[in-house]
Amino acid sequence: YQATLDSVIINELGDGLFYQYYKIPGAVEGEVRETYFNFDYTGDNASEAERRYVVLNEDGQEIVDDVDSKTESRRMPVFRNTNPVSQHVTVTYELDLRPAYVHVAAGTTLTDIQGAFTITSVDQIDDGGVYMNGPATGGWTGWGTELANSDEKKMWDDGTHGDATAGDTIYAVQFEYAPDSSNNTIGQEFKFGISGGDNESGYGLNHIENIDDTESEATIHTQWGSINPNFYSLWDYDNAQPVAIEKEAVTPNEFKLSQNYPNPFNPTTTIEYTLPKTTNVTISVYNLVGELVNRITYNNLKAGQHDFIWHSKDMNGHSVSSGVYFYELQAGNFHSVKKMVLMK
């Protein structure tokens, strides 16, 4: 879609402009505003935080919002479908909790913005579990103890309640929707909390997803963190994997692969390596018999010191068993392999 505005009134070139996209046809009650949050917004106006923003530097400026991304500011619009589901649908909500593990293991605090369930350790995540809140669950429940005592909103990683694989940090819970139910729209809103706390992200950063109601069963896959790339900066939401962490401003003079730490470990370990120049990097993990377990590739990674955090997962996000593993770094012509031990 394309539109041209002949006249936009601003004080002078260099001023900013807020704007939004709306979907007109197909809505039950008129227009539907796009689901958008400006992650770079620093003000305190909630409405402005949910609008796009652009600086106008020239007359006739073209603004293109077509990036296929969950986080880029120029990402394409996404709309919440306000039509009712066409039939009874059992929806499985799958939550990838790895962004929480990766950040807490790196020392990030997940602050409970409405209570006392602040998360500072991986053990707290394991012990507290995770809960789903919001209209998609039948309505908002009070955060904290009230939510933690709501069994129907508890998510599971034990192979039950729609969970595909036990112990893989992909949690699941199921809810039912029908055309004649009070909560019957295709577009649903929700948020998650460890131990029942409101500790996923800031106010207003709720998940909005549309149910596929063409069949009687559907799955919605989400990632922890309300897709907030500024706070959850160690996680790549577009590719569902950790990002490379540049730790040193000083350029090292040689390639180096360090011993992982901690070692032995359970379930998270850090693999540190240094690059003397920009190069393509591949990190691979193998089991004791030489089978590939996981692999990640970074293109044109800058010189410096970097970390790769492995959370004992294979390439499908499933937890691996205890044992001896080998990790391999390939960077240009440099190649190195070291051993590590997962002990559960």
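Throughout, numbering of the chain's residues begins at 1 and tracks the sequence.
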Student: Which heavy atom of Glu189 sits nearest a heavy atom of Asn206, and at what distance?
Tutor: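 It is OE2-ND2, 2.8 Å.
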Student: Under the rule for ring pair (Phe, Tyr, Trp, His ring centres under 6.0 Å), what residues qualify as partners of Tyr22, not counting sequence neighbours?
Tutor: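 Ring pair (Phe, Tyr, Trp, His ring centres under 6.0 Å) list for Tyr22, sorted by chain: empty.
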Student: Parallel, tilted or perpendicular: which describes the rings of His103 and Tyr232, with under 30° parallel and over 60° perpendicular?
Tutor: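 Judged by the thresholds at 30° and 60°, the geometry between His103 and Tyr232 is perpendicular.
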Student: With sequence neighbours left out, what residues match Lys154 under salt bridge (Lys or Arg N to Asp or Glu O under 4.0 Å)?
Tutor: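 Lys154 satisfies salt bridge (Lys or Arg N to Asp or Glu O under 4.0 Å) with no residue once adjacent residues are dropped.
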Student: For Glu58, I'd like to know if atom CD has over 12 heavy atoms of other residues, nucleotides or ligands within 6.0 Å.
Tutor: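 Counting other residues, nucleotides and ligands, CD of Glu58 exceeds 12 neighbours.
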Student: Angle between ring planes, Tyr237 versus Trp235, binned at 30° and 60°: parallel, tilted or perpendicular?
Tutor: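 Aromatic pair Tyr237/Trp235 classed perpendicular.
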Student: For residues Tyr36 and Asp65, is any side-chain donor paired with an opposing acceptor at under 3.5 Å?
Tutor: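 There is no such pair (donor and acceptor under 3.5 Å, judged by atom type) between the side chains of Tyr36 and Asp65.
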Student: Can you sort out the partners of Leu17 under side chain to side chain contact (heavy atoms under 4.5 Å, CB included), two or more places apart, ordered by chain and number?
Tutor: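 Listed in chain order: Val8, Val54, Leu56.
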Student: Look at the rings of His311 and Tyr101 and say which category their plane angle falls in: under 30° parallel, 30 to 60° tilted, over 60° perpendicular.
Tutor: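 Because their plane-to-plane angle lies in the 30° to 60° range, the rings of His311 and Tyr101 count as tilted.
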Student: Return yes if a side-chain donor-acceptor contact under 3.5 Å exists between Thr278 and Asn300, otherwise no.
Tutor: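 No, no side-chain donor-acceptor contact under 3.5 Å.
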Student: Would you tell me whether Ser121 and Asp123 have side-chain atoms, one donor and one acceptor, within less than 3.5 Å of each other?
Tutor: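 Asp123 and Ser121 do not have a side-chain donor-acceptor pair below 3.5 Å.
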Student: Compare all side-chain heavy atoms of Ile119 with those of Ile125 and state whether any distance is below 4.5 angstrom.
Tutor: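 A side-chain contact under 4.5 Å exists here.
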Student: Tell me every residue that passes salt bridge (Lys or Arg N to Asp or Glu O under 4.0 Å) with Asp96, counting only those two or more places apart in sequence or in another chain.
Tutor: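 By the salt bridge (Lys or Arg N to Asp or Glu O under 4.0 Å) rule, Asp96 matches Arg98.
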Student: Identify the heavy atoms of Ser201 and Lys191 that sit nearest to each other, and give their distance.
Tutor: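 That would be O-NZ, 3.3 Å.
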Student: Mind checking ring pair (Phe, Tyr, Trp, His ring centres under 6.0 Å) for His161 and listing every partner two or more places apart, or none if nothing turns up?
Tutor: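 Partners of His161 under the ring pair (Phe, Tyr, Trp, His ring centres under 6.0 Å) test: Trp156.
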Student: With side chain to side chain contact (heavy atoms under 4.5 Å, CB included) as the criterion, how do Lys70 and Arg75 come out once you've worked through the C-alpha distance, each side chain's angles and the decisive distance to 0.1 Å?
Tutor: CA-CA 7 Å; Lys70 295 180 174 65; Arg75 61 190 181 270; 5.7 Å; no
Student: Determine, using the 4.5 Å side-chain heavy-atom cutoff (strictly less than), whether Trp224 and Ile208 are members of one ILVMFWY cluster.
Tutor: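 Per the 4.5 Å side-chain linkage, Trp224 and Ile208 are not co-clustered.
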Student: Which other residues belong to the hydrophobic cluster containing Tyr53, where Ile, Leu, Val, Met, Phe, Trp and Tyr are joined when side-chain heavy atoms lie under 4.5 Å apart, directly or via other members?
Tutor: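 Listed partners: Phe18, Tyr41, Val55.
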Student: More than 12 heavy atoms of other residues, nucleotides or ligands under 6.0 Å from CG of Asp44: is that the case?
Tutor: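 No - once you tally the heavy atoms of other residues, nucleotides and ligands closer than 6.0 Å, there are 12 at most.
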Student: For atom CG of Asn333, decide whether the heavy atoms of other residues, nucleotides or ligands shown that lie under 6.0 angstrom number more than 12.
Tutor: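 Counting other residues, nucleotides and ligands, CG of Asn333 stays at 12 neighbours or fewer.
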Student: If you group Ile, Leu, Val, Met, Phe, Trp and Tyr whenever their side-chain heavy atoms sit less than 4.5 Å apart, what else falls in with Met315?
Tutor: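 Its cluster partners, ordered by chain and number, are Tyr286, Leu292.
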Student: Starting at CG of Leu301, measure out to NZ of Lys277 and round the result to the nearest 0.5 Å.
Tutor: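 Leu301 atom CG to Lys277 atom NZ measures 13.5 Å (nearest 0.5 Å).
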Student: Should the heavy atoms of other residues, nucleotides or ligands under 6.0 Å from CG of Asp68 be counted, would the total exceed 12?
Tutor: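 No, CG of Asp68 has 12 or fewer neighbouring heavy atoms, counting only those of other groups under 6.0 Å.
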Student: Give a yes or no on this: more than 12 heavy atoms of other residues, nucleotides or ligands lie within 6.0 Å of atom CG of Asn45.
Tutor: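 More than 12 heavy atoms, drawn from other residues, nucleotides or ligands, come within 6.0 Å of this atom.
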Student: Under 3.5 Å, sequence neighbours excluded: what are the donor-acceptor pairs made by side chains of residues 335-342?
Tutor:
from	atom 1	to	atom 2	distance (Å)
His335	NE2	Glu328	OE2	2.6

Student: Say whether, by atom type as modelled, one donor and one acceptor occur between the side chain of Thr282 and the main chain of Gln330 under 3.5 angstrom.
Tutor: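 Judged by distance alone, no pair lies under 3.5 Å.
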Student: Under a 3.5 Å cutoff, is there a donor and acceptor pairing between the side chains of Gln305 and Thr274?
Tutor: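 On atom types as modelled, these side chains do not qualify, holding no pair under 3.5 Å.
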Student: Which residue pairs satisfy the ring-ring contact (aromatic ring centres under 6.0 Å, His included) criterion with at least one member in residues 117-150, sequence neighbours excluded?
Tutor: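 Listed once each, the pairs would be none.
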Student: Parallel, tilted or perpendicular: which fits the ring planes of His306 and Tyr273, with parallel below 30° and perpendicular above 60°?
Tutor: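 If you compare the ring of His306 with that of Tyr273, the planes turn out parallel.
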Student: Which heavy atom in Thr141 sits nearest to a heavy atom in Glu146, and how many Å separate them?
Tutor: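 Scanning both residues completely, I find the closest heavy atoms to be CG2-CG, 3.5 Å.
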Student: According to side chain to side chain contact (heavy atoms under 4.5 Å, CB included), who are the partners of Glu209, at least two apart in sequence or on a separate chain?
Tutor: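 Glu209: side chain to side chain contact (heavy atoms under 4.5 Å, CB included) contacts with Phe190, Ile220, Thr222.
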Student: Is there a donor-acceptor contact under 3.5 Å linking the side chains of Asp158 and Thr160?
Tutor: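 Result is yes, a qualifying pair exists.
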Student: My understanding is that only residues two or more places apart in sequence, or in another chain, count here; which of them pass side chain to side chain contact (heavy atoms under 4.5 Å, CB included) with Thr270?
Tutor: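 For Thr270, the residues satisfying side chain to side chain contact (heavy atoms under 4.5 Å, CB included) (neighbours in sequence not counted) are Tyr261, Asp307, Ile309.
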Student: Transitive ILVMFWY cluster of Val67 at side-chain heavy atoms under 4.5 Å: who else is in it?
Tutor: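 Taking Ile, Leu, Val, Met, Phe, Trp and Tyr as members, Val67 stands alone, with no cluster partners.
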Student: Please assess Thr165 against Ile170 for the test side chain to side chain contact (heavy atoms under 4.5 Å, CB included), listing each intermediate value before the final yes or no.
Tutor: CA-CA 8 Å; Thr165 305; Ile170 308 296; over 6 Å; no
